[in-house]
Amino acid sequence: MRKGSDKTDFFEQVFSVVCLIPFGRITTYGAIARYLGSPQSSRLVGWAMNVSHTYKEFVPAHRVVNRNGLLSGKHHFDTPITMQQLLENEGIEVEDDRIINFRKHFWDPGVELDRDF
DNA sequence: AATGTGACATACC
DNA sequence: TGGTATGCCACAT
């Protein structure tokens with residue numbers, strides 16, 4: 001009985017996962033997309049971040065980066081350095097718009113949330 | 001209402 | 001080995 005609330009089903013799931021990212025951890029668009037069951041919908045995740053500021057809840061979009069660990073969306077924040085500042089504020093080292101030890105800080109929802117795959 | 005776009009990722013050549 | 005092309009779904013204009 002979807003009562004219209006599921007129109008943003010994908011987005012809400014994305015926001016939910018992003019909100020579940022622990023402090024000081026990061027993830028990738030592809031990881032989220034794969035966790036949602038649509039590994040090829042990674043763009044939607046990025047798009048979701050784009051409209052995250054329109055979402056009623058706060059979404060730590062700064063904890064989501066591309067597969068290369070590059071702060072692809074830094075330019076979309078208030079200032080081009082806001083994203084880096086937020087990450088550094090969480091103890092994540094960022095150099096040249098790239099996350100150092102990206103793999104170490106990587107938080108895979110499909111693994112951490114123990115998906116049944 | 002329809003078209004284009006988008007903070008990616010993967011596959012193929 | 002890198003570059004090109006495509007897929008995906010919802011939002012914005």
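Below, read A as the first sequence line, B as the second, and so on, with proteins coming before strands; counting in each chain starts at 1. Computed over heavy atoms, backbone and side chain alike; hydrogens, waters and symmetry mates excluded.
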- request: Would you kindly give the CZ-to-C1' distance between A/Phe11 and C/dC8, to the nearest whole Å?
  value: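 In whole Å, C/dC8 C1' and A/Phe11 CZ are 11 Å from each other.
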
- request: Send over the distance from A/Gln13 CD to C/dC8 C1', rounded to a whole Å.
  value: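 Distance, rounded to whole Å: 15 Å.
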
query: Can you give one letter per nucleotide of nucleotides 6-13 of chain B, going 5' to 3': B for a protein heavy atom under 4.0 Å from the base, S for sugar-phosphate only, - for none?
result: BBBSS---

query: Got a sec, which residues hit side chain to side chain contact (heavy atoms under 4.5 Å, CB included) with A/Asn101, two or more places apart in sequence or on another chain?
result: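 Listed in chain order: A/Glu93, A/Lys104, A/His105.
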
According to salt bridge (Lys or Arg N to Asp or Glu O under 4.0 Å), who are the partners of [X], at least two apart in sequence or on a separate chain?
{"X": "A/Asp97", "value": "A/Lys74"}
{"X": "A/Glu90", "value": "A/Arg63"}
{"X": "A/Arg43", "value": "none"}

task: Go through the structure and list residues passing ring-ring contact (aromatic ring centres under 6.0 Å, His included) with A/Phe77, not counting sequence neighbours.
output: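 None.
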
